[in-house]
Every structure is written in C-alpha cells, then in structure tokens.
**Student:** 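Here's a structure for you.
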Amino acid sequence: MSKFKDEAKQLLILVGGKENIQGVTHCVTRMWFVLVDPSLVNIETIEELPSAKGTFTQSGQFQVIIGNEVQEYYNDFVDVSGIEGVSKEALKSDAKSQQTPIQKIMSDLGEIFAPLILKCTLCQGQFKF
C-alpha cells in the first residue's frame, strides 16, 4: 500500500466524492481541483489531514497544499478515486467555464498584467522591458 492511500481516500470523501470532481491535476506543491459544487467541500477537516498544509480557492480552482510529496500523493489519489488526471491547461479551461463574467475578465486581466508586473519587479521598477 502506498504512503498516502488512506489519506487520499479521506480527501476524496472530503471534496464531495468522485461525482463532485470535474477535473484534478497538480503542480509542484498543490493538488488542483475543479469541482461541480464547491459547497460540498469540508475545508476544516481537509486542513486537519496530516499532509495538508492548507487550502484556498483561486480562479475557480480549489487547491490543497501538500508540499514536496504532492506527486506521490496525487498518484495515490488518482489510484483510489479512479479519476484520470488532466493537464493544467485543461483544468484551467474547466475552471473558467464555472466563473462568472466578472471573474473571467479579472482572470484574463491577471494573466495579461502579472507577467508585466513581474518583469517590472525584476528590473527594480525602472520599466526596462
């Protein structure tokens, strides 16, 4: 049995079950979910799981912070849930489909201006692009 199987089973229940997951993937430290009904998530209990470092929702995605072992955790989650993971791009597309028009506009603006702000920060505010 893998290291996170039991906890992955618990997480599956706490996010509302397989039927509540529209898509799942991960990044370097977090599990990313697009949920059918976010109100079914038990955030308080998820945050009590030994591997969970916290949770938050951003751009229509519910994210659980796992840390450096997220790849192994994700593999166990996919195994116990029977859900096939998706690419980050596919998950972002699914998340956008659940956003309100205002959220979509704000998300698009963030994607446009965040790289510019980062570039400006890297050049220490001298606006050298």
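Only this structure's heavy atoms are used, side chains among them; waters, hydrogens and symmetry mates stay out. Along the sequence shown, residues carry numbers from 1. Quick caveat: nothing in here was measured; it's all calculated off a predicted structure.
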**Student:** Can you see which heavy atom on A52 is nearest to which on I66, and at what distance?
**Tutor:** CA-CD1, 4.5 Å
**Student:** Between atom CG of N75 and atom CZ of F4, what is the distance when rounded to the nearest 0.5 Å?
**Tutor:** 10.5 Å
**Student:** Mind listing the closest non-hydrogen atom pair of D37 and N20 along with its distance?
**Tutor:** N-OD1, 2.7 Å
**Student:** For a quick test of your reading: what N or O donor-acceptor pairs under 3.5 Å do the side chains of residues 10-19 make, sequence neighbours left out?
**Tutor:**
none

**Student:** Roughly how far apart are L49 CG and Y73 OH, rounded to 0.5 Å?
**Tutor:** 5.0 Å
**Student:** For residues V24 and M31, report the shortest heavy-atom separation together with the two atoms involved.
**Tutor:** CG2-CE, 4.1 Å
**Student:** Calculate, to the nearest 0.5 Å, the distance between atoms CZ and CG belonging to F62 and L35 respectively.
**Tutor:** 7.0 Å
**Student:** Can you sort out the partners of S81 under side-chain hydrogen bond (donor to acceptor under 3.5 Å, both in side chains), two or more places apart, ordered by chain and number?
**Tutor:** none
**Student:** Nearest 0.5 Å, what's the CD1-CD1 distance between I21 and I83?
**Tutor:** 3.5 Å
**Student:** Roughly how far, to the nearest 0.5 Å, is CD of Q63 from CH2 of W32?
**Tutor:** 6.0 Å
**Student:** To the nearest 0.5 Å, how far apart are CD in Q61 and CZ in F33?
**Tutor:** 11.5 Å
**Student:** Do I46 and V80 land in one hydrophobic cluster if side-chain heavy atoms of ILVMFWY residues count as linked below 4.5 Å?
**Tutor:** no
**Student:** I'd like to check the side-chain hydrogen bond (donor to acceptor under 3.5 Å, both in side chains) partners of T29; sequence neighbours left out, ordered by chain and number.
**Tutor:** none
